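Since this is a predicted model, take the numbers as computed values, not measurements.
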Amino acid sequence: MKNSPLFLGLTQGELNDVTQDAHLALHHHKKGSAIVSEGDECQGLVIVVEGWIEIDTYADNRSYRMTELMQAQQMLEPDKLFGLTRTYRSTYTAYTTCTSLIISKEELSRFITKYLIVRINIMNIICRKAQHMEHLPWMVRSANLKERIAMFIKHHSRYPAGKKVLRIKMTQLAIELNATRLDISKALNEMAEEEKILITRNIVTVPALQLL
């Protein structure tokens, strides 16, 4: 728990107080089991503290899907705790055996009130995401199709590194990038020859996004 972004900066004594006084729910997840699913109501802060998780996110019209692998520790969509939308956008599955910690909204509010550093941490986490989303529409759009494909994958990823699997038809990717299917096919094959991606039917696999 001490390595969670939420509690960074707390002293060992404060961490001990949190562990002893708080009502924290610890859950163990078998490989392949859902931790939270798309559309579930966010009733508390879920922190995966151990293991690897698989994240699946669908386009609104279900025309494509991004799958990512991420290692603990991970906070699952803390921005869904409050605000207009309070349901999860993605499905999080235990890729290995996992352990998660759930902090209720009431307990989290108490931590925020009691510990200034927790208040700063949660604001930083949410503000960082908001600032990233604000920046996206203003990024320069490349004329190079391979670069546009790379940016499409990066913009649809929650974490800017690691393995990503994009399941999308070439015709749909062509629509998304305002290109022809033939040009998309040519660009994907060139990227595969450069060993940046692997391609199979309707699947684009990126072994390491940070190298794309």
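Considering all non-hydrogen atoms of both residues, R141 and N178 come closest at NH2-CB, 3.9 Å. The shortest heavy-atom contact between A187 and I149 is CB-CD1, 3.8 Å. Scanning both residues, T57 and R89, for their nearest heavy atoms gives CG2-NH1, 3.9 Å. Of all heavy-atom pairs between A94 and H29, the closest is CB-CB, 4.0 Å. The minimum heavy-atom distance between I126 and P78, with the atom names listed, is CD1-O, 4.4 Å. When all heavy atoms of I203 and R167 are compared, the pair lying nearest together is CG1-CG, 4.0 Å.
Residues Q12 and N16 have side chains that bring a donor and an acceptor to within less than 3.5 angstrom of each other. Residues H28 and T99 bring a donor and an acceptor atom of their side chains to less than 3.5 Å of each other. Side-chain atoms of T67 and D56 include a donor-acceptor pair closer than 3.5 Å. In this model, a donor atom of one side chain and an acceptor atom of the other lie less than 3.5 Å apart for N61 and S63.
Using a distance-only test at 3.5 Å, with no hydrogens or angles considered, no donor-acceptor pair links the side chain of E68 to the main chain of I55. Checking side-chain atoms of S104 against main-chain N and O of E107 turns up a donor-acceptor pair under 3.5 Å. Between the side chain of R65 and the backbone N or O of R62 there is no donor-acceptor pair closer than 3.5 Å. Judged by distance alone, with hydrogens and angles left aside, the side-chain atoms of Q71 form no donor-acceptor pair with the main-chain N or O of G51 at under 3.5 Å. T180 places a side-chain N or O within donor-acceptor distance of the main-chain N or O of D183, the cut-off being under 3.5 Å. A distance-only check finds no donor-acceptor pair linking the side chain of S185 to the backbone of R181 [under 3.5 Å].
Under the 6.0 Å distance and 45° angle rule, K164 does not count as a cation-pi partner of Y159.
Side-chain contact between I35 and V48: present, with at least one pair of heavy atoms (C-beta onward) separated by less than 4.5 Å. Counting heavy atoms from C-beta on, the side chains of L209 and K154 come closer than 4.5 Å. At least one side-chain heavy atom of I112 sits less than 4.5 Å from a side-chain heavy atom of I122. Within the 4.5 Å cutoff, side-chain heavy atoms of I197 are placed close to those of M191. Counting heavy atoms from C-beta on, the side chains of V49 and S100 never come closer than 4.5 Å. Counting heavy atoms from C-beta on, the side chains of V46 and M75 never come closer than 4.5 Å. Using a 4.5 Å cut-off on side-chain heavy atoms (C-beta onward), L173 and T171 make no contact. You'll find the side chain of V118 reaches within 4.5 Å of the side chain of L6, heavy atoms only.
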Applying salt bridge (charged side-chain N to carboxylate O under 4.0 Å, His left out) to R158 and E77, what does each step give before you reach the verdict?
CA-CA 10 Å; R158 290 189 173 274; E77 301 186 33; 3.2 Å; yes
Would L24 and I102 count as a side-chain contact (heavy atoms from CB on, under 4.5 Å) if you check the C-alpha gap in whole Å, the side-chain angles of each, and the deciding distance to 0.1 Å?
CA-CA 6 Å; L24 306 178; I102 300 179; over 6 Å; no
Trace of the salt bridge (charged side-chain N to carboxylate O under 4.0 Å, His left out) decision for K146 with E190
CA-CA 8 Å; K146 289 190 291 184; E190 287 178 0; 3.5 Å; yes
Check step by step if side-chain contact (heavy atoms from CB on, under 4.5 Å) holds for I47 and I103.
CA-CA 8 Å; I47 305 174; I103 306 173; 4.1 Å; yes
Test side-chain contact (heavy atoms from CB on, under 4.5 Å) applied to L166 and F152, step by step
CA-CA 10 Å; L166 175 64; F152 181 85; 3.9 Å; yes
So H132 and L136, side-chain contact (heavy atoms from CB on, under 4.5 Å) or not? Walk me through it.
CA-CA 7 Å; H132 173 69; L136 287 182; 3.9 Å; yes
For salt bridge (charged side-chain N to carboxylate O under 4.0 Å, His left out), just list the numbers for E38 and K80, CA-CA rounded to whole Å, side-chain angles, deciding distance to a tenth of an Å, and then say yes or no.
CA-CA 12 Å; E38 175 190 2; K80 301 303 191 304; over 6 Å; no
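By the 6.0 Å contact criterion, NZ on K31 is open, its count of non-hydrogen atoms from other residues, nucleotides or ligands being 12 or less. Counted within 6.0 Å of NZ on K169, heavy atoms from surrounding residues, nucleotides or ligands total 12 or fewer; the atom is thus considered open. Heavy atoms from other residues, nucleotides or ligands lying under 6.0 Å from CD of E195 number 12 at most. At most 12 heavy atoms of other shown residues, nucleotides or ligands fall within 6.0 angstrom of atom CD in E134. At most 12 heavy atoms of other shown residues, nucleotides or ligands fall within 6.0 angstrom of atom CE in M133.
The cluster map of Ile, Leu, Val, Met, Phe, Trp and Tyr, joined by side-chain heavy atoms under 4.5 Å apart, puts I168 and V165 in different clusters. Hydrophobic clustering (ILVMFWY, side-chain heavy atoms < 4.5 Å, transitive): V18 and I125 are in one cluster. Transitive grouping of hydrophobic side chains (ILVMFWY, heavy atoms separated by less than 4.5 Å) keeps M70 and M66 in distinct clusters. Transitive grouping of hydrophobic side chains (ILVMFWY, heavy atoms separated by less than 4.5 Å) keeps I153 and M151 in distinct clusters. Put simply, L26 and L108 are part of the same group of oily side chains (I, L, V, M, F, W, Y) that touch within less than 4.5 Å, one to the next.
If you take CG on D79 and SG on C42, they are separated by 8.5 Å, rounding to the nearest 0.5 Å. The distance from atom CG of N124 to atom CD1 of I117, rounded to the nearest 0.5 Å, is 8.0 Å. Interatomic distance, CD of Q172 versus CG of L177, reported as 10.0 Å (0.5 Å rounding). Residue L145 holds its CG atom at 9.0 Å from OG of S142, rounded to the nearest 0.5 Å. Between S109 atom OG and K114 atom NZ the span is 14.5 Å, to the nearest 0.5 Å. Rounding to the nearest 0.5 angstrom, the gap separating the CZ atom in F7 from the CG atom in N121 is 9.0 Å.
Ring planes of Y88 and Y92: perpendicular class, angle over 60° (limits at 30 and 60°).
A salt bridge between K163 and E54 is absent, with no side-chain N of the basic residue lying under 4.0 Å from a carboxylate O of the acidic one.
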